[in-house]
Each structure stands twice: as structure tokens, then as C-alpha cells.
Number of protein chains: 2
Amino acid sequence: MENTTPRQRARLETEAQITRIGNRMVDEDGVDGLSLRAVARELGVVSSAVYRYVKSRDELLTILIRDAFTQIAEEVDAALAEDRSVPSLALSMLDWSRRYPNRWALIYGTPVPDYEAPRQETVVPGTRVMVALTQLIAEASTPPMATSAPSSAEPSRTAQALGPLREGLEELGIDADDAVIMRTLTVWVAIIGAVNGLRFGQFGPGFDDVEADLVRALIADLGA
Amino acid sequence: MENTTPRQRARLETEAQITRIGNRMVDEDGVDGLSLRAVARELGVVSSAVYRYVKSRDELLTILIRDAFTQIAEEVDAALAEDRSVPSLALSMLDWSRRYPNRWALIYGTPVPDYEAPRQETVVPGTRVMVALTQLIAEASTPPMATSAPSSAEPSRTAQALGPLREGLEELGIDADDAVIMRTLTVWVAIIGAVNGLRFGQFGPGFDDVEADLVRALIADLGA
DNA sequence: CACAAAACAAGAGCAGTGCTCACTATTGTT
DNA sequence: AACAATAGTGAGCACTGCTCTTGTTTTGTG
């Protein structure tokens with residue numbers, strides 16, 4: 001009852017090796033350093049041969065992107081298992097971004113031009129962390145006092161603006177009220193913005209030793 | 001007493017044309033669509049000739065980045081002249097990002113690989129908007145009640161984390177206290193994170209008509 | 001076991017990139 | 001008119017993604 005022939009095994013092994021090499025290339029030289037020709041070279045094979053395994057460079061990119069999303073989600077989940085809090089989530093993201101800056105850029109930086117990630121392939125892994133944050137915020141918010149007192153001047157505009165997000169969450173089986181969604185969005189964009197700023201050097205130099213403290217202070221300032 | 005010879009005039013004109021073409025190429029095809037060979041083609045000249053005007057593709061990129069920083073800063077300044085408020089700043093950034101998404105990506109997205117923007121060339125234009133935000137926040141914060149009551153458990157850690165930012169501001173002649181810097185950072189990363197998310201499609205589809213409302217709601221939620 | 005079918009690999013080739021180098025026009029100044 | 005600075009040429013190198021044709025190897029099946 002062996003349902004994997006040696007051929008299939010070899011194929012899977014080669015595919016795994018390609019993504020391994022691809023990940024290493026992204027880690028070393030960024031997304032622009034990802035070259036199928038170089039992969040072929042490293043595999044000891046002629047360039048056209050790798051097209052047996054991946055349809056195009058973009059397809060390999062999709063694989064790497066999905067991998068990266070999954071990897072950071074696993075790490076965040078692990079961190080939350082030990083300390084279920086917003087700082088824990090943010091700091092584990094920051095930590096991952098420090099270890100894999102180019103993979104971070106791959107998923108949270110400028111999208112690769114002319115390349116649209118197939119939503120069905122990446123939406124679920126790509127939203128795991130944000131979903132986790134939503135649930136965290138939902139737990140922390142006391143259900144009764146849902147709508148906050150101030151800034152209730154234009155509720156419909158805000159509610160409408162949050163529409164697409166709410167729908168996205170519903171598709172994933174999450175049912176959060178607008179206050180939670182709003183809060184989640186705020187915290188989320190702040191975290192992503194902060195880590196991007198640090199990773200991309202937009203705040204200038206000198207942050208290397210204080211990154212975690214900065215993120216901690218940010219979360220505190222957000223009141224989360 | 002003409003201090004510009006026709007030759008110099010021609011040179012400047014050509015340089016201006018190159019950056020014009022370069023900007024257009026970035027607008028149309030993103031940073032990867034920027035090709036010196038294509039620029040040469042459009043100039044009706046052989047490819048190596050453009051190297052008389054720009055030392056390398058990276059140098060042209062630096063020019064375009066400086067341009068983009070300057071352009072968005074001008075627009076923000078104009079918006080603030082009419083309505084001096086944080087939403088005004090954020091919404092004018094958002095608006096600019098919608099009109100020039102690829103230029104936005106150029107300055108606030110993933111940095112171009114292997115390319116380090118010469119700080120001296122880009123630091124001043126690159127920080128104008130953030131400086132404007134700092135001053136806005138400083139004006140709004142009542143000087144006496146500087147340090148906010150809560151989250152004063154670890155003041156030195158936060159102060160130290162904000163150190164590099166404070167130094168950067170001092171170099172630009174700005175002298176803000178830590179509470180203002182902290183608040184500025186929070187609002188800044190939230191704005192950048194939100195616009196990036198919208199521009200890069202990280203929130204999924206369906207936001208086109210509600211982007212401004214979303215940013216407004218975000219600023220409101222931040223209490224700015 | 002023999003054989004067709006499927007999978008894999010090779011190698012040449014196309015169109016494009018950044019960049020360099022030696023060489024020739026063109027232009028402005030002495 | 002002679003000379004030097006500047007502008008432009010065209011060939012060439014090393015690289016990219018990707019395709020197509022040819023040959024080889026492995027595999028499942030009659």
C-alpha cells in the first residue's frame with residue numbers, strides 16, 4: 001500500500017529543494033536575487049529543466065510568499081500560546097522580521113510588480129495573524145460597552161468604511177462588531193507600519209538595540 | 001552676464017527630460033519598469049549615451065526618490081495651509097498615494113535592493129512630512145501636562161527607545177519632548193501602515209470608495 | 001518481457017537588462 | 001583655423017526569464 005512511487009518522491013524532494021534554495025536566495029539578496037537560472041545552476045541542472053517543477057518565477061514567488069505567511073503565523077501562534085497579549089503578538093512579529101527581513105519585505109512590503117498573488121492560494125495563510133489579533137482584541141473588549149462614547153458623530157460612514165474588512169472576516173468565520181474591527185485595524189496598521197519603518201530604515205539609524213522597546217512603547221501608547 | 005551657456009541649457013533640459021521620462025516609467029510600470037535603455041530609446045539616442053547624464057540607474061532612482069519626497073511634502077504643506085490638522089495631513093498623503101501609487105511605493109515601500117539612498121541627498125526632503133506632523137502634534141499638546149498619567153511604569157526604556165528619533169529631530173532643529181515624539185511616532189506609523197495596506201492591497205478588495213473614510217476613522221480612533 | 005507513454009533533461013535561441021570601452025562627431029573657446 | 005571639452009555611436013560582456021526542439025531515462029502496462 002505504498003502510495004508514493006520513487007518518482008513522486010524524487011519530484012517532491014526536488015520541489016522542496018527548489019523552495020529551499022529560493023528561500024535562501026531571498027534571504028541573501030532579496031526578492032530580486034531570486035533567479036531561476038541560479039536555482040538551476042545550484043541544482044546542477046540546465047536552466048530550462050527547472051521549468052518542469054515550477055511554471056515560472058512568479059509561481060515560485062507565490063510558493064515562497066505562502067511559506068513566509070505560514071511561518072510567521074506559526075511563530076505568532078507559538079508566542080500567543082505562552083503569553084496571550086497584543087505586545088506578545090507584536091514582538092513576535094518584530095522578532096521574525098529581524099531574522100528574516102527579506103521575507104518580511106516579501107509579504108508586507110511593496111508587492112512584486114506585474115504579479116498578483118492568487119488570492120485563493122495566499123488569503124488564508126496571509127490573514128492568520130490579523131485574525132489572531134482580531135480575536136485578541138475581541139477578548140479584551142468587554143461586550144456590553146461596545147461602541148465607545150466619543151467620535152460617534154458619523155457612525156454610518158465608519159461602519160461603511162469597515163465593510164470590506166467585516167466581510168473578509170465573515171468569510172473566515174469571524175463575527176466581530178465594528179468597535180473591535182476598528183480597534184484591530186488601528187493596532188494592526190500601527191504594528192505593520194512600525195516594523196516596516198524599522199526594517200526599511202525609514203526612521204534612520206540607531207534603532208537596532210531599542211526596537212523591541214519602541215514597539216512596546218507604541219503598543220502602550222495605543223492603549224492596547 | 002549670461003551665466004548659462006546654450007550647452008549648459010541643453011544639458012539641463014536633457015536631464016529634466018530624463019527625470020520626466022523616468023517618473024513616467026515608474027508611474028506606468030513601477031520601479032522595475034525603469035530602464036535606462038528604454039529612456040535612451042525614448043530620447044532617440046543610443047543606450048550608452050544616457051550614461052553621460054546619469055551615472056547609473058541607481059542614481060536616476062535617487063533623483064526620482066528625492067522628487068517624490070519633495071512632491072508629497074509640497075502637497076501636504078498646501079493641505080495644511082488650508083486646514084492645519086492631523087486628518088488633513090493624513091488625507092493629503094492618502095490622496096497623493098492614490099494618484100501616484102508607484103511613487104508612493106518608491107518612498108514608503110520596500111527599499112530598492114542593493115541600493116542605499118544617500119542620506120545626505122534624501123534625508124531632508126524625506127523627513128519633511130514627518131517633521132510637519134511632529135509640529136502639528138506639538139501644537140495640539142498642552143505643554144504643562146506633558147507626560148501622560150498611565151503607562152509611566154518604565155520611563156527610561158521608552159525614553160531610550162525614542163532616542164534616535166529625538167536626535168534626528170534635533171539635527172533638523174526640532175526640539176520636542178518625549179510625549180510629543182511618542183505620539184507622533186504612533187500616528188505616523190498608523191498612517192503609513194494604513195496607506196501601505198490600502199495601496200498594496202493587503203486588506204483585500206473593496207476599499208476603493210471608502211479609503212478616505214477609513215483613514216478618517218483611523219485618526220479618530222487614535223484620538224488625534 | 002517488450003514497448004509505448006510519460007517524465008526529465010539538454011541545449012540552442014529570443015528578447016530584454018545594466019554597464020563599459022574605444023571610437024567618432026559635434027560644439028565652443030582660444 | 002587649431003584644439004579641447006562634450007555628446008553620441010556601436011560593439012560587447014554578463015546576466016535575466018522563458019520557449020522550443022531534441023534526446024534520454026524511467027515507468028506502467030499489454
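Chain identifiers are assigned alphabetically (A, B, ...) following the order of the sequence lines, protein sequences preceding nucleic acid strands; residue numbering begins at 1 within each chain.
When all heavy atoms of B:V129 and B:A73 are compared, the closest pair comes out as CG2-CA, 3.8 Å. Here the closest non-hydrogen pair linking B:I65 and B:L106 is CG1-CG, 3.8 Å. When all heavy atoms of B:N102 and B:G30 are compared, the closest pair comes out as ND2-N, 3.3 Å. Here the closest heavy-atom approach between residue A:S56 and residue A:Y51 is recorded as CA-CE2, 4.3 Å.
Following rounding to the nearest Å, A:Y51 (OH) and C:dA7 (C1') show an atom-to-atom distance of 19 Å. Rounded to whole Å, atom C1' of D:dG17 lies 11 Å from atom CG of A:L34. In this structure, the NZ atom of B:K55 is 10 Å from the P atom of C:dC19, given to the nearest Å. What separates CZ of B:R9 from C1' of D:dA7 is a distance of 17 Å, to the nearest Å. Rounded to an integer number of Å, the gap from A:D29 CG to D:dT16 C1' is 14 Å. Rounded to an integer number of Å, the gap from CG of A:L60 to C1' of D:dT16 is 15 Å. With rounding to whole Å, A:L61 atom CG is found 16 Å from D:dC18 atom C1'. When the C1' atom of D:dG17 is taken as reference, atom CG of A:D32 falls 13 Å away, rounded to whole Å.
Between A:R166 and A:E170 there is no salt bridge, since no side-chain nitrogen of the basic residue lies less than 4.0 Å from a carboxylate oxygen of the acidic one.
Ring-plane geometry between B:W104 and B:W96 is classed as tilted, the angle between the planes lying from 30 to 60 degrees on a 0 to 90 degree scale.
A heavy atom closer than 4.0 Å to some atom of DNA chain C occurs in B:R37, B:R41, B:S47, B:S48, these being the qualifying members of residues 37-49 of chain B.
The neighbour count for A:E82 CD, taken as heavy atoms of other residues, nucleotides or ligands under 6.0 Å away, does not exceed 12.
Comparing A:Y53 and B:S56 by the nucleotide of DNA chain C that holds the closest heavy atom to each, the one mapping nearer the 5' end is A:Y53.
Closest to the side chain of B:R52, out of D:dG17, C:dC8, D:dA7, is D:dA7.
When the C1' atoms of four end pairs are superposed on the next four at each end of the helix from C:dC1-D:dG30 to C:dT30-D:dA1, using five pairs per end, the two resulting axes differ in direction by 10°, to 10°.
Legend: salt bridge (charged side-chain N to carboxylate O under 4.0 Å, His left out) pairs involving residues 84-99 of chain A, not counting sequence neighbours, sorted by first then second residue: A:E75-A:R99, A:R84-A:E139, A:D95-A:R99, A:R98-A:D208, A:R98-A:E211.
Between A:L61 and A:V31 the shortest side-chain heavy-atom distance falls below 4.5 Å.
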